[in-house]
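First up is the structure itself, then whatever we jot down about it.
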Amino acid sequence: MTITDTTTETGTGAIVLGPNQYGKAEVRVVKITRDSDRHEIEDLNVTSQLRGDLAGAHLAGDNAHVVPTDTQKNTVYAFARDGIGSPEQFLLRLANHFTGEFEWITGGRWLAESYAWERIQLEGQEHDHSFVRKGQEVRTAAVVADGDERHVLAGLKDLKVLKSTASGFEGYPKDRYTTLQETNDRILATSVATQWRYLPGVVDVDFNAVYDDVKRILLEEFSRRYSAALQTTLFDMGKAVLEAHPEIGEIKFSMPNSHHFVVDLSPFGLDNPNEVFFAADRPYGLIEATVTREGLAAAPEVWASAVAFV
Ligand SMILES: O=c1[nH]c(=O)c2[nH]c(=O)[nH]c2[nH]1
């Protein structure tokens, strides 16, 4: 090695700009549709981040290509004036706008969480303009644009489900550190976080209808049969989604196994036939898997790009 050959062995070559993106995170936008006395509400948390020829700003203090994050935020509010429709459609509109309006913006990612509200009941009637937050889950959406390509991911998180029987865990390997007792009657509880990827080119389905149906399927499959492990139930849930929805390529899950331990009541002279539990918050099992279609091209760059900075 010569004294100038520093790149290969020490990794200290020229310093260059790597992948980058920028934008406004967590733009909270609430749209009320008030065409009649019966108002509708849409409530989103939107993140917009642009990618493209942005080297000038990073390397030379030249902001000629930097569409301000403030403008990105304003665009979210301006677009909401026409209604949101579905989070996925709203993000696709933003992606098409920024990549179409500014020639050096070649892609980006747009994320949304959406929060559901339901009408308050007053004297047996749904109220026209008073709402209460629906607490079951948070809906998520992501759009990744790369040139003309559009990738749509949809999902949900914090969907807490529990079955009080019809779950067990048996037949696992035991070693000197194993203390867990086998059981065929336990509580199975989790908080479902999932994201599904629509097949490339799927940009005009009824995303709201698919969302409602996927949620229905997830809940039904969680309930349907005996669970030999959370892993089995996870796969059943994903398989049912893919069987019902050909427009979805694959679905990923991250599900904690929220352990419920039977409390020993014998010191108090009481039995406990699986009725009183200690709900532990940590540690928890963490079960994660992708359910996909044989032959489907994996899209690691889409997933990485949608959920994390790379
Ligand atoms: O459904 C389960 N899956 C596991 O992998 C596991 N491991 C464990 O200790 N309990 C459970 N339960």
Side-chain angles (χ1 to χ4, degrees), residues 135-140 153-197 211 213-245 248-268 270-294 296 298-300 303-304 306-308:
Q136 267 187 0
E137 84 280 6
V138 173
R139 178 174 170 180
T140 63
L153 306 176
L156 56 80
K157 61 182 184 178
D158 302 335
L159 182 65
K160 292 199 163 57
V161 286
L162 179 152
K163 54 204 284 174
S164 53
T165 188
S167 157
F169 189 60
E170 300 173 282
Y172 47 83
K174 285 127 196 136
D175 70 3
R176 61 189 177 287
Y177 301 118
T178 306
T179 57
L180 186 72
Q181 296 295 305
E182 296 193 317
T183 177
N184 59 14
D185 185 7
R186 66 173 183 174
I187 284 181
L188 182 65
T190 188
S191 175
V192 181
T194 179
Q195 279 193 289
W196 53 95
R197 180 169 66 90
Y211 178 84
D213 199 50
V214 169
K215 183 181 164 190
R216 173 190 66 77
I217 292 169
L218 296 175
L219 295 177
E220 287 184 6
E221 294 309 311
F222 179 79
S223 322
R224 190 178 297 287
R225 61 182 72 84
Y226 178 80
S227 169
L230 185 52
Q231 287 90 328
T232 327
T233 300
L234 177 159
F235 187 80
D236 284 348
M237 292 161 73
K239 179 166 177 266
V241 168
L242 295 188
E243 281 172 350
H245 288 283
I248 297 175
E250 58 181 347
I251 180 165
K252 286 182 187 288
F253 293 92
S254 180
M255 310 212 300
N257 188 356
S258 309
H259 303 301
H260 286 64
F261 297 110
V262 178
V263 178
D264 178 8
L265 298 180
S266 62
F268 322 122
L270 299 171
D271 66 354
N272 188 2
N274 263 356
E275 295 204 359
V276 180
F277 294 85
F278 161 58
D281 66 343
R282 65 190 71 170
Y284 47 88
L286 185 58
I287 312 300
E288 301 185 308
T290 303
V291 184
T292 187
R293 296 178 192 276
E294 201 173 26
L296 179 74
W303 287 105
V307 299

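In each ligand, atom 1 is the first atom listed, and ligand 1 is the first ligand listed.
In this structure, R224 does not pair ionically with D236, as no charged nitrogen and carboxylate oxygen lie closer than 4.0 Å. For the pair R216 and D213, the salt-bridge criterion is met [side-chain N within less than 4.0 Å of a carboxylate O].
Within 4.0 Å of ligand 1, heavy atoms belong to protein residues F169, L180, R186, A229, L230, Q231, N257.
The number of heavy-atom neighbours closer than 6.0 Å to CZ of F277, taken from other residues, nucleotides and ligands shown, is above 12. Heavy atoms from other residues, nucleotides or ligands lying under 6.0 Å from CD of Q181 number 12 at most.
S191 and P256 make their closest contact through O-CD, 3.2 Å (heavy atoms, listed as atom of the first residue, atom of the second, distance).
Screening residues 177-188 for salt bridge (Lys or Arg N to Asp or Glu O under 4.0 Å) gives K174-E182 as the qualifying pairs, with residues at least two apart or on separate chains.
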